[in-house]
Amino acid sequence: MPELPDVEVYRRRLEGGALHRAVAGVHVAAPDLLQGTSPQGLGRALNGRSFTAARRHGKYLFAVHDGDGALVLHFGMSGVLVTVSAKDEAPDYTRCVVEFTDGGRLAYSAPRKLGLIALAGSVEEFIRDRDLGPDALGLDADTLERLASGRRGGIKSWLMDQGTMAGIGNVYSDEILFQAGIHPRRAVKALEQAGFEGLQGAMDKALHGAIEAAAEPARMPADFLLPHRHDGGHCPSCGTALEHLQAAGRTAWHCPRCQRD
DNA sequence: AGGACGCCCTGTTCGC
DNA sequence: TGCGAACAGGGCGTCC
């Protein structure tokens, strides 16, 4: 379930391990993941180039290269990005590999092929074309208020709407609502009374906390919902058995005591 | 406009 | 034991 924190971890991995190395070739094992290009097109765009920057917007990762463009990666719900040394094996379900001239590789692995691999002229152009909202990391309370104004409907689907803000999916919308003490069925309108500072703080805590934990549930702060978000899980704050309901077509886990309807 | 729903995809888990 | 249904969910399309 790569959402903003997971993709930020991949971004740092890309930045720390795959910049300024010449691309020797690109191998695509799952061409159906390519959108708007082909294995040959990817090769033409990337061969001989080097990645110069790793950027992220929402759940999209951009490997910007020195040929005035970017490789775009989206991870669907099961994708991972790893760097692999010359002598190591790429992971199972590797769908695309960028090979560098030094023998090292960048591997995109995804058991469920729900992600996408594409090329973009620029990060900004891609964001515009996809109608993505501002990145969810670092939004201030005033911006949240502006994004909520005139919005009808549920708060969970609003948080997950990539056109409103980019990066939050089912898992982290649950975490944010838990940290904010807001029931998943509440309307966006209810935020007007509560104020946006609380939501802003919850978003900051959930997203930054998860990134600091490298998006690994086992390393997350003790008061995070995420590690308990399963059958038989209990609220880390009050111990009440967690419940789930359907909201915005997704399973919304919450604490019935801490998140009042 | 926004919600409900189905589809894609495939490994895992559960029920009969 | 074994098979198949249900489930996980990001993103998109359709319908209401």
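Convention: sequence-line order gives letters A, B, ...; per-chain numbering from 1. Just so it is clear, the values below take in all heavy atoms, side chains as well, and ignore hydrogens, waters and symmetry mates.
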I need the CG-P distance between A:Leu34 and B:dC8, as an integer number of Å.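 After rounding, the gap between these two atoms is 20 Å.
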Quick one: do [X] and [Y] end up in the same hydrophobic cluster if we chain Ile, Leu, Val, Met, Phe, Trp and Tyr together by side-chain heavy atoms under 4.5 Å apart?
X: A:Leu42; Y: A:Phe62; value: no
X: A:Leu4; Y: A:Leu132; value: no
X: A:Val188; Y: A:Met160; value: no

Do the side-chain N or O atoms of [X] get closer than 4.0 angstrom to the phosphate oxygens (OP1, OP2) of [N]?
X: A:Ser157; N: B:dG3; answer: yes
X: A:Thr251; N: C:dA8; answer: yes
X: A:Arg112; N: B:dC8; answer: no
X: A:Lys113; N: B:dC8; answer: no

Are the aromatic ring centres of A:Phe75 and A:Tyr108 under 6.0 angstrom apart? yes
Could you work out how much the helix from B:dG2-C:dC16 to B:dC16-C:dG2 bends, comparing the axis of its first five pairs with that of its last five, to 10°? 60°
With a non-hydrogen cut-off below 4.0 angstrom, is [X] in contact with a base, only sugar-phosphate, or nothing?
X: A:Gly154; answer: sugar-phosphate
X: A:Gly249; answer: nothing
X: A:Phe75; answer: nothing

Quick one: sort the A:His65 and A:Phe51 rings into parallel, tilted or perpendicular, breaks at 30° and 60°. tilted
Readout for nucleotides 10-16 of chain C: B = base within 4.0 Å of protein heavy atom, S = sugar-phosphate only, - = neither; 5' to 3' it is BBS----
Report yes if the side chains of A:Leu106 and A:Thr83 come closer than 4.5 Å at any heavy-atom pair, otherwise no.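 SC-SC contact between A:Leu106 and A:Thr83 confirmed.
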Let me spell it out: for each of A:Ala247 and A:Ala110, pick the nucleotide of DNA chain B with the closest heavy atom. Which residue's pick is nearer the 5' end? A:Ala247
Side chain of A:Arg95, heavy atoms from C-beta onward: which of B:dT10, C:dA8, B:dG3 has the nearest atom to it?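 Ranking B:dT10, C:dA8, B:dG3 by closest atom to the A:Arg95 side chain puts B:dT10 first.
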Can you confirm whether A:Asp32 is buried at CG, in the sense that more than 12 heavy atoms of other residues, nucleotides or ligands lie under 6.0 Å from that atom? yes
With a cut-off of 6.0 Å (strictly less than), are more than 12 heavy atoms of other residues, nucleotides or ligands near CD of A:Glu89?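 Counting other residues, nucleotides and ligands, CD of A:Glu89 stays at 12 neighbours or fewer.
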Residues two or more places apart in sequence or in another chain: which of them pass side-chain hydrogen bond (donor to acceptor under 3.5 Å, both in side chains) with A:Thr101?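 A:Thr101: no side-chain hydrogen bond (donor to acceptor under 3.5 Å, both in side chains) contacts found.
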